[in-house]
Protein chains: 2
Amino acid sequence: MYDLVSLVNAGFGDMDDLQQMSDAEKRQTARRPAARSQDPDGTRRNILEIASEEFALNGLSGARVDEIAARTRSSKRMIYYYFGDKEGLYLSALENAYRRVREGEAALDIEGRPPAEALGRLVEFTFDHHHQHEEFIRMVMIENIHKGQYLDRSEMIRGLNATAIDRIAEVYARGVAEGVFRDGMDPVELHWQVSALCFFNVSNRATFSKIFGRDFGAPEQLERLRRNTVETIVRYVTRAERLAG
Amino acid sequence: MYDLVSLVNAGFGDMDDLQQMSDAEKRQTARRPAARSQDPDGTRRNILEIASEEFALNGLSGARVDEIAARTRSSKRMIYYYFGDKEGLYLSALENAYRRVREGEAALDIEGRPPAEALGRLVEFTFDHHHQHEEFIRMVMIENIHKGQYLDRSEMIRGLNATAIDRIAEVYARGVAEGVFRDGMDPVELHWQVSALCFFNVSNRATFSKIFGRDFGAPEQLERLRRNTVETIVRYVTRAERLAG
DNA sequence: GACTAAACTAACTAGGTCGTACATTGTGCC
DNA sequence: GGCACAATGTACGACCTAGTTAGTTTAGTC
């Protein structure tokens, strides 16, 4: 294990960057725990961290390069040095958001559970996960405002789809095999439904709350929406004979 | 069943200004069909029209006052004359979007139909309606990015909630009374579910399509999603004994 | 037809915003 | 220790953008 204190002293402030350390950095940290005046990897990550926050908060056109630079331990010069231009930085922040969330998704473990229960847990997990990663939701909203044009340019994006679909497809297939779920559904479309319900809960909470004069972010309300969402999906998939109530 | 294609074709023209003519304008147009050099109401509406397009396309910070002014029949000065500042113009565009959509919603007629069918039609209508009003969806997305802060300032907003909820509540109550629907649900939360599924279809189509390498805007795909959505909601509400399959 | 208020125009300003030029320092390598 | 290059700091410039100033034109009224 690394010495957290020396890392902080070396300039790694608030963030939880331990897992993102590059090999080069590990080597150097081990060899020379003292403060470093040049730290390309750390600088790059620091910029990306701040930029992700700013873009998620203000959008592509709303975010200010100067503001990002000011909040950085580095300078504007370094933003252009590492990311080329504002759009390059935005794209990196977007990819960063997707990558983090996909990594977090690996935490879900539903293997071996009965299909209906497994599906329910998958929905709960997605609901909670979206709720916890508002920054990601906001980046996706922003990217959709831009009609996905930056995602288009991204090469990293190709490898992202598999995991989520594979898992839901596996659970669904088991459910069908066991005669619990209805046949003939498309896992991608099922994932679409789950995503819609869970995403909306975060993305549209502000306007929905204001228009209906009710705080949809309140814990009890959230818990109700969560239960509704699980029930909606499970009832959609489960065969009528297997349903209670 | 509704014809999805014709609905699509019907909605997307440049914009239907006729219905928005004020009484003053109708009078003047009738009296003096020639070009008028002063036309406050027309100028105001023309600005609002263009501004709505620009804000929906580019967001609040992305839209340019100069660009709006240039596309207008009027000038930048008049934007400030009528709307105060950029944010005032944005708020008017936002209110404009909500107003239009709410007016459109009045077209749904499901009275007297069996509850399950009525609910299904309500969902279909919402699905199609959202699909046809992408500009509105985008404005809502943008406003959510701003955490609903402009909606907060709006006084027009208070009267908006009633209609949509009343209608779904009425259908739901009938269904419960007839023993077709499950008891104890909250109409607002039901509306939330319907909105989530229908909204997402428009709002996240771009990123979803790109990530899963499938065009979710294609007519057949859209028709499938539409059927899924109806089924999801109806199955959620309907009592198990009344369900087929 | 003189007067007034509303409607409108063109040109301008102050400051914001992205991006760069140029100089300097640190690092790995032989 | 000196070289080559990567990393960084400072300062600035060109253009953009929201908002304004100062004035003109039009419509209605008496």
Side-chain angles (χ1 to χ4, degrees), chain A residues 10-12 22-48 50-51 54-55 57-93 150, chain B residues 22 24-25 27-48 50-51 54-55 57-93 146 150:
Chain A
F12 285 94
S22 72
D23 289 339
E25 178 149 325
K26 281 179 199 157
R27 227 184 304 116
Q28 289 174 350
T29 308
R31 250 199 275 150
R32 196 171 314 157
R36 306 181 63 250
S37 57
Q38 281 199 13
D39 177 13
D41 215 28
T43 300
R44 201 178 190 286
R45 281 187 296 106
N46 176 236
I47 291 171
L48 192 53
I50 304 291
E54 289 289 321
F55 281 125
L57 202 57
N58 304 309
L60 171 52
S61 50
R64 298 291 166 232
V65 176
D66 283 303
E67 176 65 21
I68 293 170
R71 290 191 49 206
T72 287
R73 267 184 267 109
S74 181
S75 67
K76 188 160 65 156
R77 178 68 185 78
M78 296 318 293
I79 291 175
Y80 288 93
Y81 185 65
Y82 285 118
F83 300 96
D85 58 9
K86 191 187 185 185
E87 295 194 345
L89 182 57
Y90 168 79
L91 178 54
S92 292
Y150 297 94
Chain B
S22 72
E25 175 145 332
R27 226 183 304 115
Q28 288 173 352
T29 306
R31 250 200 276 150
R32 195 171 313 157
R36 305 181 62 250
S37 55
Q38 282 198 13
D39 177 12
D41 215 29
T43 300
R44 202 178 189 287
R45 280 187 299 102
N46 176 236
I47 291 172
L48 192 53
I50 304 292
E54 287 290 320
F55 282 125
L57 201 58
N58 303 309
L60 172 51
S61 50
R64 300 288 168 233
V65 177
D66 283 303
E67 177 64 21
I68 294 170
R71 290 191 48 206
T72 286
R73 267 183 263 110
S74 182
S75 67
K76 185 157 69 152
R77 183 66 188 82
M78 295 319 290
I79 291 175
Y80 288 93
Y81 185 67
Y82 284 118
F83 300 95
D85 57 10
K86 191 187 184 185
E87 295 193 346
L89 182 57
Y90 168 79
L91 178 54
S92 292
H146 294 290
Y150 296 95

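Within every chain, numbering begins at 1; the chains are lettered A, B, ... in the order of the sequence lines, protein sequences first and strands thereafter.
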Quickly work out the [X] [atom1] to [N] [atom2] distance and round it to whole Å.
X     : N      : atom1 : atom2 : value
B:Y82 : C:dT9  : OH    : P     : 10 Å
A:R73 : D:dA7  : CZ    : C1'   : 15 Å
A:D41 : D:dT8  : CG    : C1'   : 16 Å
A:M78 : C:dT24 : CE    : C1'   : 13 Å
A:I79 : D:dT8  : CD1   : C1'   : 13 Å
A:Y81 : D:dT10 : OH    : P     : 17 Å

Grab the two heavy atoms, one from [X] and one from [Y], that are nearest each other, plus how far apart they are.
X     : Y     : result
B:N46 : B:S74 : OD1-N, 4.1 Å
A:S61 : B:N58 : OG-O, 4.4 Å
A:L60 : A:K86 : O-NZ, 2.9 Å
B:I79 : B:I47 : CG1-CG2, 3.8 Å

Would you say A:S75 reaches D:dT10's phosphate, i.e. side-chain N/O to OP1/OP2 under 4.0 Å?
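False: A:S75 side-chain N/O out of range (4.0 Å or more) of D:dT10 OP1/OP2.
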If the cut-off is 4.0 Å, is B:T43 near the phosphate of C:dA7, judged by side-chain N/O to OP1 or OP2?
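Answer no for this pair, as no side-chain N or O of B:T43 is under 4.0 Å from OP1 or OP2.
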Quick check for you: to the nearest 0.5 Å, what is the distance between B:D85 atom CG and B:Y90 atom OH?
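If we round to the nearest 0.5 Å, B:D85:CG and B:Y90:OH are 13.5 Å apart.
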Nucleotide by nucleotide, nucleotides 16-24 of chain D touches protein heavy atoms under 4.0 Å in the pattern (B base, S sugar-phosphate only, - none) -SBBBBB--
Tell me whether B:E54 is salt-bridged to B:R64, with the criterion being a basic N under 4.0 Å from an acidic carboxylate O.
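A salt bridge is absent here (no side-chain N lies under 4.0 Å from a carboxylate O).
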